Amino acid sequence: MKFFRALKALLDSQYALMLEYRVEIALWAVSGLLPLIMLGIWVEVDSSNFVELSNEQITRYFLSAFVVRQFTAVWVMVSFEEDTLEGRIAPFLLQPIIPFWRYFTSHVAEQITRIPIVLLMLIVFFIFLPDTFWIPSLLHILLSLLSIILAFWVRFLIHWCFSMLCFWNERASSIERLLLIPYIFLSGLVAPLNVFPNSVKSIAMFTPYPYLLAFPAQLLSGEKVNIINGFAMLIIWGIIFLCISLFAWNKGLKHYSAMGA
Amino acid sequence: MSIITARSLTKTFLVSTKKPGIRGTLRHFFARSFSRVEAVDCVEFDIEPGEIVGFIGPNGAGKTTTLKMLCGLIHPSYGQALVDGDIPHLRHSSFLKKITFVMGQKQQLIWDLPPLDSFKVNAAVYGLTDLEARKRIHELANMLDIDDELKRPVRKLSLGQRMKAELMASLLHRPSVLFLDEPTLGLDVNAQIRIREFLSDYNKKFKATILLTSHYMADITSLSRRVILIHKGKIFYDGDLKKLTESLSPSRSVNIEFHNIYPRQELEQYGIIEEYQNSYVRFLIPREKLSLSLTSILNRFSVKDLEVTDLPIELLISELFKHGKTQNVNIGS
Amino acid sequence: MKDKIITTLKILFSFWKTSIAIDMEYRLNFFVEIVSVIGNLSGSIFVLSLLFGPNTTLGGWSWNDSLIILGLYTILDGFTTSILQPNLSRIVRHVQNGTLDFVLLKPFKSQLWLSLRVISPWGIPAVISGFILIAYSLAVNSRMIQSEMILLGSLMLLSSLIILYSLWFLLSTLSIWFVKVWNTTEVLRSTLVAGRYPVSAYPNFLRIIFTFVLPIAFLTTVPAEAILGGVSNVYFIGSLVFSIFLFTSSILFWRFALRYYTSASS
């Protein structure tokens, strides 16, 4: 119970902080335009002979991908590196709640701040292209909401695991660039998974990436998708990275205290 | 010919004000209310070449803003500054080569590299030849008593060593006008003294003009004879430090240890008794009555030990700012 | 005049020596950059192949010709990593910490200082692989490479570098008023991704935006056309005018902004 009270207090303070940064967050939300740019190019491609998606479906898919990406944004590596570099991590470690929750709540608070911004962007989009407007069914909305939460959790854990490298190398956040590459190309951010060649698609489906973006986006856009498989994969990857992160945290902490930093 | 003149120098900032809470945030977002703050208000002074002048005033008094206008970092809203014949904010490179600005809370040295690497960059920027640069580095290092530390990355240096290296980087081009903003901030007493001695040496050796602000009165008392007091953007004293002290405290403090215990009533005629502990008594005696009172005390009582002191200047000045008794300091200026 | 340029170059050279010394401290970055260039390039080629599908053209561009666009994009990306990112992202921090004071007090053009103070070697892999991709595509096409095309292409590439720099610098200048504009350059960078593909592959209204508002067309498509010998006079002159206009604006805007600089005290 005490833990949840602490969590709520953290969330409240982080939310107040994020409100201070609302302009930056708005700009950051705008910088997530990639799916909409890809939407433009995919709609224009003469794809009738090789994509079994109609233009309407493509539009819905990329719009959904845009929304999913907004609410699964993760930047924990950058702030963790900054905190270790500037020595802020030491006082965090003295507090009776592990720093994980501090970063986690700051992400959640940022996403709450994002909600009105993303809504506004969608409204602008639909004003310019009113034909594309649609309302997903309640079931689809709920399912995709659940999948977005899970996808965020998994992505956060992946980045958290790699953040632990900061305990060993002070500039570890450059690794983030590498994490981003398979995410961009395999998650369905730049092309719907249906157009992937079968060989590439089957490899991609074994990685966590399609479930971090394409799966929630497909749910939201109302495409047919294997729901059980998707959720199962999210849960499995979540457990795997939870184990790794617990292990990495303990290792990192030991290393950190041995260095006497 | 004065080297620095300030005429009606004024800087006004527009500051947006926000009430706390969500409602305040929203109002702030849509209809921002601004208020004008006169950071520096019609400041005027002249400084002669080779002078060391201390700026005194509480936080936010406008000392730093004045310095920044004098070195050309910010444009004055009104009025004019002239430094060695140049208008600072045009920032002509001939002007920039004559001045330097040292800030205790900011640093220009490259964090990950030894100070010597930063010096090289500065030497190149100021157009020094390698030989000149080496000579000056050596000379300054001697004056500051620093040597091997210059080969260590800046992040590994202590605060005092870092400040010395900062000073070296700022003085490599041998400026004749130095603006120093809190140059001893956060340093321990030894390092403070070291820096003060260095500045005094530099002033004598190169006939440099120095303007400095400091929270440590000791910096000012030991370096400058002339002080400028600023409060809320306005100058209210400009002149001799000693005269300021005298006018601020018309009395001196006299501590006497007697051989015997004398009744309080007997002693009260010589001055105000601040402290009365058996044989130890502390008086406050007006300056003009001082010699007379002391002679009669020494004649009448048997005195073991006697000490006459001024009240500490920190105390006097902080009292002054607290009460805003600006009208009391109209002498001298 | 000549002396002045030589001393300026000398100073810049001494800057770069120190900055490369710092970069070499972080060897992990070298590995990261190589892997990320290879990964990004193969990913982009993969997506391009998806966009083509069984078709032979994309917005009127053949496969080989669109590789030239991708090559140019990669070169610009390397330029960003080597020069724009390390220098211009620092402006925001300079303003935030008040260390811009030191830059302004140096007898050296502040815009030049802020734009070329450091140079990072980590963009070189991208620049090299971009050129290789262009050379490969020209070779496969077995086009006659004429010196005229090379000249025009280089001129257009130069013009696109200037456009990119000026846009970035203009946005960074905003930090004088709004301290934390780190994210505006991020918006710029994310929209530039559109430059991986020919502008003609986008719907009409995006094409207009990418030509007149965010000049992505001038960044990759026009230089590629120039290399292939198919650039129209209008775009050729447009690119030059645009780059000169933006560059001049960046200088004037910076001068204007400095009047409002208040220099943070803490």
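All chains are named by letter (A, B, ...) in the order of the sequence lines, taking the proteins before the strands, and each is independently numbered beginning at 1. The structure displayed is predicted, hence computed values, not measured ones.
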Rounded distance (nearest 0.5 Å) linking atom [atom1] of [X] with atom [atom2] of [Y]:
| X | Y | atom1 | atom2 | result |
| --- | --- | --- | --- | --- |
| C:N204 | A:E44 | CG | CD | 7.0 Å |
| A:M38 | C:Y202 | CE | OH | 6.5 Å |
| C:L50 | A:F185 | CG | CZ | 10.5 Å |
| C:L188 | A:L27 | CG | CG | 11.5 Å |

What residue, out of [options], has the most heavy-atom pairs lying under 4.5 Å from chain C?
| options | answer |
| --- | --- |
| A:A26, A:S174, A:A29 | A:S174 |
| A:L178, A:L180, A:L33 | A:L178 |
| A:I25, A:V200, A:I41, A:V30 | A:I41 |

| message | Under 4.5 Å from any heavy atom of chain C, what part of A:I37 do you find: side chain, backbone, both or neither? | response | both

| query | Non-hydrogen atoms of chain C under 4.5 Å away: do they reach the side chain of A:F196, the backbone, both or neither? | reply | both

| message | Ignoring hydrogens, what is the shortest heavy-atom contact between A:G40 and C:P203? Give both atom names and the distance. | response | O-CD, 3.2 Å

| message | Could you report the tightest heavy-atom contact between C:S36 and A:R177, atom names first, then the distance? | response | OG-NH2, 3.3 Å

| Should A:W42 and C:L51 count as side-chain neighbours, where that means a heavy-atom distance under 4.5 Å? | yes

Flag yes if more than 12 heavy atoms outside [X] fall under 6.0 Å of its [atom1] atom; otherwise flag no.
| X | atom1 | answer |
| --- | --- | --- |
| C:F30 | CZ | no |
| C:F102 | CZ | yes |
| C:F31 | CZ | no |
| C:F131 | CZ | no |
| A:F152 | CZ | yes |

| message | Heavy-atom pairs under 4.5 Å with chain A: which of C:V193, C:N40, C:L58 has the most? | response | C:N40

| Hey, does the side chain of C:S190 reach the backbone of A:S31 with a donor-acceptor pair shorter than 3.5 angstrom? | yes

| By a 4.5 Å heavy-atom criterion (distance strictly below it), what part of C:S49 contacts chain A: side chain, backbone, both, or neither? | neither

